[in-house]
Amino acid sequence: MKYLLVDELKNHIGEEVELKGWVYNTRSSGKISFLLFRDGSGIVQAVLYHPNHNEEIIKRFDELTQETSLVVWGKVREDKRAPSGVELDIIDFKVISASVDYPISPKEHGVDFLQSNRHLWLRSKKQAAIMRVRSDVVFYAREFFNNRKFLCIDAPIFTPSACEGTTTLFEVNYFDEKKVYLSQSGQLYMEAAALAYGKVYCFGPAFRAEKSKTRRHLTEFWQIEPEVAFFNIDDDMELAEDLVIYLVEKILERRQEDLKTLERDIKPLENVKKPFYRITYEEAIKILNRKGIDIKFGEDFGAPDEAAISLEFDRPVFVHRYPAEIKAFYMKRDEKRQDLALGFDMLAGEGYGETIGGGQREDDYETLLKRIEEHKLPVDNFKWYLDLRKYGSVPHAGFGLGIERFVQWVTKTQHIREVIPFARTLDRTEP
RNA sequence: UCCUCGGUAGCUCAGUCGGUAGAGCGAGUGGCUGUUAACCACCAGGUCGGGGGUUCGAGUCCCUCCCGGGGAGCCA
């Protein structure tokens, strides 16, 4: 018999097939027994109608427990009663390894318990749906950049100092000789790469030692960071817009069933089309003031402010040209408004806040040196970075997209810890 | 770091005024010919987060420590 995956069964109606996987749940009603079978690609209901079988197999079936691994042989049958439209009539099955007292029941559990059992929680239906979406986001982000002739250039994880200077970094002993830090962004290295190869991106983990304790923060997360030579802020926002549209299209095309499992209303996603809204920081302040939120020019947006702004729009919105003082040292200033930085944030929508942050970089040697000194950063560490402005500097821009923030929005998941396989948060580093 | 809520059966929780421990689910046993978190009956299951204190008596009141949830700031 042909070995197939659950999600391939709909193309094999009437065939006798072999499946390998685990017991998701069992039910029985007198002369008929049901096995919810999962194999990682999906779940299918397998049926054992007692009059068609001998007592030996019925007895073996009764002994099946949640998450026992097994091989099942059966005949695929179309069935309108099944959620996926397909069922399997069991011919025979063989247990590979029994599962005793599986801790996660199909009933409700608390977050503490589920997080402690994350290694098992990943097996459940909603978590599997989220992981499939995440996997696609990563794959199609790479495809997007590949299609546009970007080079994938990996940035180092060990770095000599803070990229943006301000954030707290995780310190690592480097052979007891010196301290290095876990990277919080590959951006500076991408700037070097962009001046070498034009269009580049990196995809990797980032580490922040800030004691953030919210449903939007992880201490270890993943981001994709493109950087392009000869790009200005407008080119940059357009690239971000195209990427987001591409990813949302692919998820809608491939993951309808998973979004349904997650009870994600897809209407807002179907609305993710060109053009996204583009407003300035000052316009955003006005919107907030109009909504009765007390905020003045020069103050940065908090999470509730970002949510309030995003709820004003029916698709993602770019907020650009922030006050330079509240932005990073490397951001280029607006020629017409020296107090404004050519940076932007993309707020995803539906109350989800910053998902992308980026902008045009300072490309003038003297100006950048001045900024580094103003921010009291160790100039020695940035010598190589300044070199980029010394040898054929060009305007360039880039952005960072937080994979988890993005997946959290697309799947509309309450807490960010559910959209990464093994979350690292302030209070949890296990399992 | 600050604010706030919580820790009782494997899980989710209730436990009144301080009077000696409860439910649902899950596990187990039995029943049921189409179940979708199946259902029905029976049944086992407890160091009430740790330590200290008040009291004749503490799950309940007080002190302290530990662990976790939600939020703020910071950010993706």
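Quick note on labels: first sequence line is chain A, next is B, and so on, each numbered from 1.
Within residues 346-357 of chain A, the residues having any heavy atom under 4.0 Å from RNA chain B are, by residue number, A/Glu354, A/Thr355, A/Ile356. In the region residues 405-415 of chain A, proximity to RNA chain B at under 4.0 angstrom, judged on heavy atoms, holds for A/Arg405, A/His415. Residues of residues 301-325 of chain A that place a heavy atom closer than 4.0 Å to RNA chain B, in numerical order, are A/Gly302, A/Ala303, A/Pro304. Across residues 36-64 of chain A, A/Gln45, A/Tyr49 each have a non-hydrogen atom less than 4.0 Å from an atom of RNA chain B (numbered order).
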Intra- and inter-strand pairing of RNA chain B, written as dot-bracket with Watson-Crick and G-U pairs under 3.5 Å and | for the latter, reads (((((((..((((.....[..))))..((((.......))))......(((((..]....))))))))))))....

Can you check nucleotides 40-42 of chain B for protein contacts, nitrogen or oxygen pairs under 3.5 Å, and list what you find?
none

Could you go over nucleotides 45-49 of chain B and give all protein N or O partners under 3.5 Å, atom names and distances?
none

So which protein N/O to nucleotides 23-32 of chain B N/O distances come out below 3.5 Å?
from, atom 1, to, atom 2, distance (Å)
B/C32, N3, A/Gly30, N, 3.3
B/C32, N4, A/Ser28, OG, 3.4

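The aromatic ring centres of A/Tyr189 and A/Trp384 sit less than 6.0 Å apart. In this structure, A/Phe37 has its ring center no closer than 6.0 Å to that of A/Trp22. For A/Tyr281 and A/Phe297, the ring centers are positioned less than 6.0 Å apart.
Between the base of B/C75 and the side chain of A/His217 there is a donor-acceptor pair shorter than 3.5 Å.
Taking A/Lys296 as the reference, A/Glu299 meet the salt bridge (Lys or Arg N to Asp or Glu O under 4.0 Å) condition, with sequence neighbours excluded. Looking at residues two or more places apart in sequence or on another chain, you find a salt bridge (Lys or Arg N to Asp or Glu O under 4.0 Å) between A/Glu56 and A/Arg60. With sequence neighbours left out, the salt bridge (Lys or Arg N to Asp or Glu O under 4.0 Å) criterion links A/Lys75 to no other residue. Residues passing the side chain to side chain contact (heavy atoms under 4.5 Å, CB included) test with A/Glu143 are A/Phe139, A/Tyr140, A/Asn147, A/Tyr246, A/Lys250, sequence neighbours excluded.
A straight line from CZ of A/Phe113 to C1' of B/U12 spans 10 Å, rounded to a whole angstrom. Rounded to whole angstrom, the span from the NZ atom of A/Lys211 across to the P atom of B/G70 amounts to 18 Å. Atom CG in A/Leu426 sits about 16 Å away from atom P in B/G73, given to the nearest Å.
Residue A/Arg215 has no polar side-chain atom (N or O) positioned under 4.0 Å from OP1 or OP2 of B/A72. A sub-4.0 Å separation between OP1 or OP2 of B/C74 and a side-chain N or O of A/Arg216 is absent.
Side-chain proximity of A/His109 to B/A72, B/G68, B/C11: nearest is B/C11. For A/Ser212, counting side-chain heavy atoms from C-beta on, the closest listed nucleotide (B/G34, B/A72, B/C74) is B/C74. Of all nucleotides listed (B/C75, B/G69, B/U36), B/U36 comes nearest to the side chain of A/Arg27.
In this structure the side chain of A/Val200 never reaches within 4.5 angstrom of the side chain of A/Cys152, judged on heavy atoms.
Remark: ring of A/Phe34 not stacked against base of B/G34; the cut-offs of centroid gap under 5.5 Å and plane tilt under 30° are not jointly satisfied.
One finds the OG1 atom of A/Thr411 at 11.0 Å from the NZ atom of A/Lys126 (value rounded to the nearest 0.5 Å).
With a 6.0 Å radius and a threshold of 12 heavy atoms from other residues, nucleotides or ligands, A/Asn11 has its CG atom above the threshold.
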